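Quick caveat: nothing in here was measured; it's all calculated off a predicted structure. Basis for what follows: all heavy atoms, side chains included, without hydrogens, waters or symmetry-related copies. For ligands, and for the atoms within them, numbers begin at 1 and follow the listed sequence.
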Amino acid sequence: MERSRRLFETETHGGRAAYRLHAVTVAAGILLVLYYRATHVPAAGEGRATWLGMLAAELWYAAYWVVTQSVRWSPVRRRPFIDRLAARHGERLPCVDIFVCTADPYSEPPSLVVSTILSLMAYNYPPEKLSVYLSDDGGSILTLYGMWEASLFAKHWLPFCKRYNIEPRSPAAYFSESDGHQELCTPKEWSLIKDMFDKMTERIDTAVMSGKVPEEIKARHKGFYEWNQEISSKNHQPIVQILIDGKDQNAVDNEGKVLPTLVYMAREKRPQHHHNFKAGAMNALIRVSSVISNSPIIMNVDCDMYSNNNDAVRDALCFFLDEEMGHKIGFVQYPQNYNNLSKNNIYGNSLHVINEVEMGGMDSLGGPMYIGTGCFHRREILCGRKFTEDYQEDWNAGIKDKLQESIDETEEKAKSLAACTYEHGTQWGDEIGVKYGCVVEDVNTGFAIHCRGWESVYNNPKKPAFMGVGPTTLAQTILQHKRWSEGIFSIFLSKYNVFLFAHGKTKLQHQMGYHIYGLWAPNSLATLYYVIIPSLALLKGTSLFPEITSPWIAPFVYVFCVKNMYSLMRHYHLETR
Ligand SMILES: O=c1ccn([C@@H]2O[C@H](COP(=O)(O)OP(=O)(O)O[C@H]3O[C@H](CO)[C@@H](O)[C@H](O)[C@H]3O)[C@@H](O)[C@H]2O)c(=O)[nH]1
Ligand SMILES: [Mn+2]
């Protein structure tokens, strides 16, 4: 009986019939608008070109609206059951490698990275099966210093988290949310750990401010001697430091329990070699981790995204280990949530529409996109494997033989894999690993995975699994949107154009879902035309819309009001959820 119960459930949203009815009437309205536009073209010389421009803009909107319906037609929501996972697998769970990327100790301060790292190390998961890797594209001794401090503080922080089952497990987030959990433990114990954390943060911030690590600390770890006068962030040898070796019997916390493996990596950077940004870092991490832990599951987050739910790893495994569907699932994506936005954020940076509407819709069509953070992949699919029905994952992979080799040997091997020239003449960045040459490398990579036959799953639990730092100012918002629109539009124009490349490989509706974003950038042309031209025409005394007394005004008003009212209602519903 127990075996036949699924590890996750797929629910459809309520109110689908109402939505579809509304969509059908809007479609009718759009058709009437187009019909009016096409049958009332003015004579040549009386503003025909302007009129046809309006027709073109409206045709574009109509097509774009149809594209957006793909994800709105039958969205789903997934619900994993970790109790069933526990009943069936106990602690016999696969090893998981966690990749964190950071790029600059000044814009992404090491003290922030440290809290993220600690939150990930503190997952409710067998620590001997967890390995956390930090890629530092800033190649900074300050970030290594932060990591070294984290490896020491973890010995106190992890037992504290587990003993009192606290949440969130990012110490920065935890201490800023709670001003004394005396009901959990004695005030003395609480203050002690808080004090320890504050002092560590202060030491790290002081080091960052002064730009160097104190000599007496340098003497305590060999890793610091990798840095000398000549090293800069753009020109340095590969650095790999295993700060906590999970295979080492002595790597235990202050209660004697095993600690997760913790690794610092700064891949080699040379001015004459292109580094391919985050995608390059991810690929180096895939290789470096393969000689250290080689876990079959890889999770990745940006350094500003801490874990907010200590069961997120187990939740994700409910999908991969599900007996009916699991073998088809290539990756499990969580939404990108931010903890620094207020309710009054006027730029829509909370990504409500993407997170709550569109990703769930993509999930019903073949799976959400890979958005670069908060995602769990099978290692094999990141390395290019095609989906086949008979593929059997080796869930025991990754547990390395304890006596195999020394830490130094492993580090040397790992360094050679993080060298600039390693990828020359290989398929890395193309068929293997995260794709290069695109600003939104993640979307392109996820798309290739879908084309290789895999599905993905979107898990959006009520309690967010990850919390990051979102843009708050207009300048930051514009920069991010420009990057996303430009990046995705460039995929549209490239040989990976979703309609062409995925033709026959994925469902048409799924391809349409991708185009919601692929067409963001050209949408602006129709919008500019539509907001500027009719106003200019009014100055000249001609109206580009029907008279208010004409029956033809009805479809225009209907489409405008109903579509926007529906969006407002959805928004209100989400805000008050
Ligand atoms: O050369 C680089 C550049 C960036 N990063 C890291 O990549 C992450 C994302 O970069 P960021 O500048 O913060 O971009 P965002 O716009 O915040 O990123 C969003 O959009 C990106 C492109 O789609 C995704 O990769 C990210 O995961 C997603 O959070 C950060 O952790 C960086 O440290 C590197 O490791 N190396
Ligand atoms: Mn970011």
Side-chain angles (χ1 to χ4, degrees), residues 98-110 112-117 120 133-140 143 146 233-234 236 264-269 273-286 288 298-306 331 333-341 347 349-351 354-355 359 368-377 382 418 420 429 433-447 464-473 475-491 514 517-518 520:
I98 301 180
F99 295 175
V100 184
C101 291
T102 188
D104 178 356
Y106 297 101
S107 62
E108 297 167 331
L112 168 127
V113 181
V114 160
S115 272
T116 301
I117 294 283
L120 301 167
Y133 294 82
L134 178 77
S135 151
D136 176 19
D137 265 352
S140 168
T143 305
S233 65
K234 296 192 174 71
H236 63 80
Y264 169 92
M265 175 199 86
R267 62 196 165 115
E268 185 181 15
K269 289 270 185 76
H273 292 284
H274 191 39
H275 59 75
N276 293 302
F277 309 98
K278 182 180 166 190
M282 285 288 291
N283 287 345
L285 281 173
I286 294 175
V288 163
I298 290 175
M299 171 193 134
N300 87 281
V301 281
D302 291 349
C303 63
D304 56 7
M305 287 210 113
Y306 63 85
F331 62 92
Q333 177 67 61
Y334 284 77
Q336 195 162 2
N337 290 303
Y338 302 127
N339 70 342
N340 63 326
L341 304 182
Y347 306 122
N349 290 328
S350 51
L351 309 178
I354 299 181
N355 289 352
M359 292 287 260
M369 304 168 297
Y370 165 40
I371 55 171
T373 182
C375 192
F376 291 76
H377 280 96
L382 268 184
C420 292
V434 179
K435 283 194 188 294
Y436 294 156
C438 179
V439 188
V440 286
E441 74 296 326
D442 36 21
V443 176
N444 217 4
T445 304
F447 171 61
F466 302 99
M467 286 291 209
V469 182
T472 46
T473 65
Q476 291 167 349
T477 308
I478 291 177
L479 181 75
Q480 190 178 61
H481 277 266
K482 177 179 163 286
R483 223 159 64 185
W484 285 351
S485 327
E486 187 182 285
I488 306 183
F489 188 51
S490 76
I491 302 179
Y514 267 100
Y517 313 101
W520 261 357

query: Does His377 have its ring centroid less than 6.0 Å away from the ring centroid of Tyr370?
result: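 Yes, close enough.
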
Sub-4.0 Å atoms of ligand 1 with respect to non-hydrogen atoms of [X]:
X	value
Glu441	25 (O)
Thr102	33 (O), 35 (O)
Glu108	30 (C), 31 (O), 32 (C), 33 (O)
Gly372	27 (O)
Cys303	31 (O)

Nearest to [atom], what protein heavy atom do you find, and at what distance?
atom	answer
atom 17 (O) of ligand 1	Gln480 NE2, 3.9 Å
atom 19 (C) of ligand 1	Trp484 NE1, 4.0 Å
atom 27 (O) of ligand 1	Lys278 NZ, 2.7 Å
atom 22 (C) of ligand 1	Asp442 OD2, 3.5 Å
atom 1 (O) of ligand 1	Phe277 CA, 3.2 Å

Geometric N/O contact [X] with ligand 1, under 3.5 angstrom:
X	value
Cys101	yes
Ala103	yes
Ser135	no

- request: Consider ligand 1: state whether an atom of it lies below 4.0 angstrom from any non-hydrogen atom of Arg483.
  value: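 Yes, Arg483 has a heavy atom closer than 4.0 Å to ligand 1.
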
field: Proximity flag Ile371 to ligand 1, non-hydrogen atoms under 4.0 Å
entry: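 Yes.
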
Within-4.5 Å side-chain heavy-atom neighbours: [X] and [Y]:
X	Y	result
Tyr436	Asn283	yes
Ile286	Phe99	yes
Asn300	Cys101	no
Met305	Tyr334	no
Gln476	Asn349	no

Compare every heavy atom of [Y] with every heavy atom of [X], then report the nearest pair and how far apart it is.
X	Y	answer
Asn355	Gln336	ND2-O, 3.2 Å
Ala281	Met265	O-CE, 4.0 Å
Ser233	Gly138	CB-O, 3.1 Å

message: I want to confirm something. Looking only at heavy atoms, which of Thr116, Asp302, Val100, Thr373 is nearest to atom 26 (C) of ligand 1?
response: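 Selected option, by shortest heavy-atom distance: Asp302.
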
query: Should one rank Asp137, Val434, Asp104, Val113 by closest heavy-atom distance to atom 2 (C) of ligand 1, which comes out on top?
result: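 Of the listed residues, Asp137 has the closest heavy atom.
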
task: Taking atom types as modelled, find out whether Thr472 and Asn340 have a side-chain donor-acceptor pair closer than 3.5 angstrom.
output: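 Checked: Thr472/Asn340 side chains show no N/O donor-acceptor pair below 3.5 Å.
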
message: Just to verify, which of Leu120, Asp304, Thr373 counts as forming a side chain to side chain contact (heavy atoms under 4.5 Å, CB included) with Val100?
response: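 The passing option is Leu120.
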
- prompt: ligand 1 versus Gln336, non-hydrogen atoms closer than 4.0 Å: side chain, backbone, both, neither?
  reply: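 The answer is the side chain.
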
